[in-house]
Amino acid sequence: MTDKKAVILLSGGLDSATVVAMARAEGYACYSMSFDYGQRHRAELQAAERVARQLGVVEHKVIGMNLGGIGGSALTDSNIAVPETASEGVPVTYVPARNSVFLSLALGWAEVLGAQDIFIGVNAVDYSGYPDCRPAFVEAFERMANLATQAGVEGREFSIRAPLQNLSKAEIVREGVRLGVDYAMTVSCYQADDDGRACGKCDSCRLRAAGFREAGITDPTRYFGVFS
């Protein structure tokens, strides 16, 4: 067991699974964290558990919270439909302050574990346009992390790692396959059914399908309805 520890945000989707594999390849002992935050389906949490087991995570933690209590997103409010066509600007699937909240809790666990590296699978190339996926956000959070913690002020500085930041979805897929990620275990769809089958229509499904297509790799995604 290595002493080099990392806390990794693991949603159960394609990107975060790839990040776990990348951190493991760098020699980190991986501690993954997922969130039961009131999202539309639990299939992604089940996927996260599968990925954690397959990739040899030391400990996988699921934190419960209710972001649906503040609403404002199609992912937490059943009265807001998940869009099935491309849209301009920040989409309604954006969950207010989600990455800020998730990274804050990952930061707390990292301080307890004595880990100085926190990995997040945000991307600024092939992504949905969320403001908390931009490099400026990641850089700002890292500065805050080192101001807000005992470890930071005592010189044990944290690094917020976003290794997918500047990769296309196709590049992410190729890297994950090279590192042995079984993407059949992952769930990316915003409105997957209870069995983890995807809709094939939402923004996340479109980006995922395009990534596999452009990478020249067979897409293992299972679909429901007309896509099954």
Side-chain angles (χ1 to χ4, degrees), residues 6 8-28 30 32-34 39 41 43-57 60 75 82-86 91 93-94 99 102 117-130 132-135 138 160-193 195-224 227-228:
I8 305 162
L9 295 182
L10 177 59
S11 70
L14 181 153
D15 291 341
S16 63
T18 306
V19 169
V20 175
M22 293 172 79
R24 184 183 67 169
E26 287 188 34
Y28 286 94
C30 298
S32 57
M33 177 175 276
S34 300
Q39 59 267 57
H41 59 75
E44 66 179 29
L45 292 173
Q46 295 162 359
E49 292 175 0
R50 292 193 297 269
V51 169
R53 286 195 301 270
Q54 193 246 347
L55 294 179
V57 164
H60 177 63
L75 300 192
V82 172
E84 295 184 348
T85 58
T93 50
Y94 162 69
N99 282 346
F102 290 0
D117 294 276
I118 299 169
F119 285 75
I120 182 171
V122 293
N123 178 266
V125 179
D126 290 339
Y127 78 121
S128 297
Y130 300 152
D132 54 1
C133 288
R134 297 174 300 160
V138 174
I160 308 300
R161 303 282 304 280
L164 310 184
Q165 192 87 77
N166 299 309
L167 300 182
S168 69
K169 193 67 74 176
E171 289 171 327
I172 294 168
V173 168
R174 291 192 196 101
E175 181 66 3
V177 169
R178 186 184 72 82
L179 294 172
V181 178
D182 180 2
Y183 286 122
M185 296 191 305
T186 65
V187 174
S188 300
C189 180
Y190 291 148
Q191 48 190 355
D193 67 10
D195 293 324
R197 295 180 300 177
C199 72
K201 300 177 181 178
C202 70
D203 195 34
S204 186
C205 279
R206 291 194 300 272
L207 288 169
R208 178 180 171 120
F212 279 102
R213 185 170 59 251
E214 292 165 14
I217 293 171
T218 301
D219 183 355
T221 306
R222 296 177 302 122
Y223 296 97
F224 61 80
F227 292 89
S228 59

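Just so you know, these numbers use all the heavy atoms, side chains as well, and skip hydrogens, waters and symmetry mates.
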Any donor-acceptor pair under 3.5 Å linking the side chain of [X] with the backbone of [Y]?
{"X": "Asp219", "Y": "Phe212", "value": "no"}
{"X": "Ser34", "Y": "Leu10", "value": "yes"}
{"X": "Gln191", "Y": "Ala198", "value": "no"}
{"X": "Glu171", "Y": "Ser168", "value": "yes"}

Point to revise | Side chains of Ser11 and Ser16, donor plus acceptor under 3.5 Å | key: yes
Exercise for review: Check the side chains of Thr221 and Arg197 for a donor-acceptor pair under 3.5 angstrom, ignoring hydrogens and angles.
Suggested key: no
Check your understanding: So how far is it from Ser204 OG to Leu14 CG, rounded to the nearest 0.5 Å?
Key -> 8.5 Å
Review point. Between CD of Glu84 and SG of Cys205, what distance do you get to the nearest 0.5 Å?
Key: 9.5 Å
Do you know the tightest heavy-atom contact between [X] and [Y]?
{"X": "Ala47", "Y": "Met185", "result": "CB-O, 3.3 Å"}
{"X": "Gly13", "Y": "Ser188", "result": "CA-OG, 4.0 Å"}
{"X": "Pro163", "Y": "Met22", "result": "CB-CE, 3.6 Å"}

side-chain hydrogen bond (donor to acceptor under 3.5 Å, both in side chains) against [X], all qualifying residues, sequence neighbours excluded:
{"X": "Gln39", "value": "Glu44"}
{"X": "Glu26", "value": "Arg161"}
{"X": "Asp117", "value": "Tyr28"}
{"X": "Tyr183", "value": "Thr18"}

**Study point:** Residue list, side chain to side chain contact (heavy atoms under 4.5 Å, CB included) with Arg53, at least two apart or on another chain
**Key:** Glu49, Arg50
Review point. Can you name the side chain to side chain contact (heavy atoms under 4.5 Å, CB included) partners of Ala21, sequence neighbours left out?
Key: Leu55, Leu179, Val181
Do the non-hydrogen side-chain atoms of [X] and [Y] ever get within less than 4.5 Å of each other?
{"X": "Asn123", "Y": "Cys133", "answer": "no"}
{"X": "Val19", "Y": "Ile120", "answer": "no"}
{"X": "Met33", "Y": "Ile8", "answer": "no"}

Check your understanding: Checking side chain to side chain contact (heavy atoms under 4.5 Å, CB included) for the pair His41/Asp193: CA distance, chi angles, key distance, verdict?
Key -> CA-CA 7 Å; His41 59 75; Asp193 67 10; over 6 Å; no
**Study point:** Pair Asp195 + Arg222: basic N to acidic O under 4.0 Å
**Key:** no
Point to revise | Electrostatic pair Arg178-Glu175, nearest N-O below 4.0 angstrom | key: yes
